[in-house]
There are 2 protein chains.
Amino acid sequence: MITNKAVLKDRLLAKGIKPTYQRTAILGFLLDNRTHPTIKSLHNSLVKTIPTLSKTTLYSTLELFAAKGLVAPLTIDRSEVRYDGLASSHHHFLCERCGRIIDVDVSCANSRRGEIGGHRIKEVHGYFKGICKDCLKQTYKTNKRRIFHG
Amino acid sequence: MITNKAVLKDRLLAKGIKPTYQRTAILGFLLDNRTHPTIKSLHNSLVKTIPTLSKTTLYSTLELFAAKGLVAPLTIDRSEVRYDGLASSHHHFLCERCGRIIDVDVSCANSRRGEIGGHRIKEVHGYFKGICKDCLKQTYKTNKRRIFHG
DNA sequence: GCCTTATTTGTAATCATTACAAATTGGATT
DNA sequence: AATCCAATTTGTAATGATTACAAATAAGGC
């Protein structure tokens with residue numbers, strides 16, 4: 001784990017969350033790995049260090065984190081929710097070639113104004129779909145990454 | 001049905017889709033009702049005129065329509081996909097009070113440019129969450145609509 | 001009307017998510 | 001450091017949207 005344990009503990013306590021072993025590990029993973037993982041891939045990764053970790057714990061912990069604004073659930077995939085360890089508002093880019101979800105900064109005039117068409121904005125969710133910078137470079141090279149269809 | 005049958009037929013034929021009874025009714029409903037319905041609510045509405053209509057037909061038809069660019073699937077709800085009869089790029093506003101999903105026009109500088117951070121943009125998906133114009137007006141009145149939690 | 005093919009339908013799987021109760025853990029108190 | 005209570009974690013069993021698939025039906029050309 002790259003992120004310091006004390007930092008994780010403080011982050012959890014600051015939100016009024018008891019910093020248990022599992023919670024610290026889950027938050028740590030999300031901060032260290034900006035891959036926007038699904039529950040399944042989170043579980044695959046974390047059972048290596050916590051063999052008893054159950055998927056139910058992941059579901060309930062991430063629900064708790066999301067409610068407290070520690071993580072953001074992403075509904076970009078139609079089939080499964082992904083989780084973002086960076087909860088502050090930003091957008092995402094889904095590469096249809098390599099399947100990666102990449103963070104992008106977006107300054108949206110509407111969200112800055114706080115309203116659109118008379119409706120009061122509380123949250124902004126957005127993502128782009130296309131071909132990422134890396135894949136564009138590799139257009140004429142063999143792409144060894146998993147091809148993503150979606 | 002408000003939208004003319006001949007118009008629906010032409011729209012389907014223009015996309016190379018055989019205009020069957022079911023397909024015409026489904027497209028007609030989506031063009032007449034801009035409510036972004038789920039499969040379930042589509043089925044509830046359409047069985048009134050087509051009693052034999054199966055959910056499987058709805059799933060396969062909407063998949064076909066989406067592939068041909070006739071409708072847009074929305075993944076705003078975490079639990080079920082919604083369908084938008086207007087496929088041209090626009091954004092949505094989810095009201096957390098009444099649960100409605102409202103179309104909004106958004107001119108996004110990034111999508112106009114066609115790229116962001118070096119990534120080539122093919123699609124733009126976005127929605128806002130907050131309180132819609134109508135609900136803002138009714139703040140001190142009784143709201144008879146279903147309260148939406150999510 | 002008949003035939004061939006595409007479409008529609010119903011039923012049965014699949015799979016992420018949720019519900020729930022039992023087991024375990026954490027922390028306070030003594 | 002043993003004990004107790006409440007919160008957390010875990011495993012198993014439901015739920016429910018979506019998909020798979022094969023049989024029934026409809027559409028269009030002859």
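Values below: all heavy atoms of this structure, side chains included; hydrogens, waters and symmetry mates excluded. Below, chains carry the letters A, B, ... as their sequence lines are ordered, and counting in each starts from 1.
Here C:dT9 is the nucleotide among D:dT9, D:dT10, C:dT9 with the atom lying nearest to any side-chain atom of B:T52. The side chain of B:R23 lies closest to C:dT7 when the candidates are C:dT7, C:dA16, D:dT8.
Looking at every heavy atom in both residues, B:F93 comes nearest to A:R120 through CZ-O, 3.3 Å. Closest heavy-atom contact between B:L86 and B:A72: O-CB, 4.3 Å. A:A87 and A:G69 make their closest contact through CB-O, 3.2 Å (heavy atoms, listed as atom of the first residue, atom of the second, distance). The nearest pair of heavy atoms linking A:F29 to A:P37 is CE2-CG, 4.3 Å.
In the hydrophobic clustering of ILVMFWY residues, with side-chain heavy atoms under 4.5 Å counting as a link, A:I17 and A:L62 come out together.
Note that CZ of A:R97 and CD1 of A:I131 are 4.0 Å apart. Values are rounded to the nearest 0.5 Å.
The nearest whole Å value for the distance from the NZ atom in B:K9 to the C1' atom in D:dA27 is 12 Å. A:L58 places its CG atom 11 Å from the P atom of C:dT17, with the value rounded to the nearest Å. Between A:L62 atom CG and D:dT8 atom C1' there is a gap of 15 Å when expressed in whole angstrom units. Whole-Å rounding puts the B:L12 CG to C:dA6 P distance at 18 Å. Separating the CG atom of B:L64 from the C1' atom of C:dT8 is a distance of 13 Å, rounded to the nearest angstrom.
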Which atom pairs link the protein and nucleotides 24-26 of chain C when you take only N or O atoms and keep those under 3.5 Å?
none

What nitrogen or oxygen pairs link the protein and nucleotides 18-21 of chain D at under 3.5 Å?
residue	atom	partner	partner atom	Å
D:dT18	OP1	B:V81	N	3.0
D:dT18	OP2	B:Y59	OH	2.8
D:dT18	O5'	B:Y59	OH	3.4

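DNA chain D is contacted by no residue of residues 41-51 of chain A, taking any non-hydrogen atom closer than 4.0 Å.
No side-chain N or O of B:D105 forms a donor-acceptor pair with one of B:H91 less than 3.5 Å apart. Of the N and O atoms on the side chains of A:D103 and A:H36, at least one donor lies less than 3.5 Å from an acceptor on the other residue. Donor-acceptor pairing under 3.5 Å is recorded for the side chains of B:D84 and B:H92.
Listed for the A:R100 side chain is no donor-acceptor partner under 3.5 Å among the backbone atoms of A:L94.
The residue among A:T61 and B:K40 whose nearest nucleotide of DNA chain D is located toward the 5' end is A:T61.
Within a 6.0 Å radius of CD in A:E63, other residues, nucleotides and ligands contribute 12 heavy atoms or fewer.
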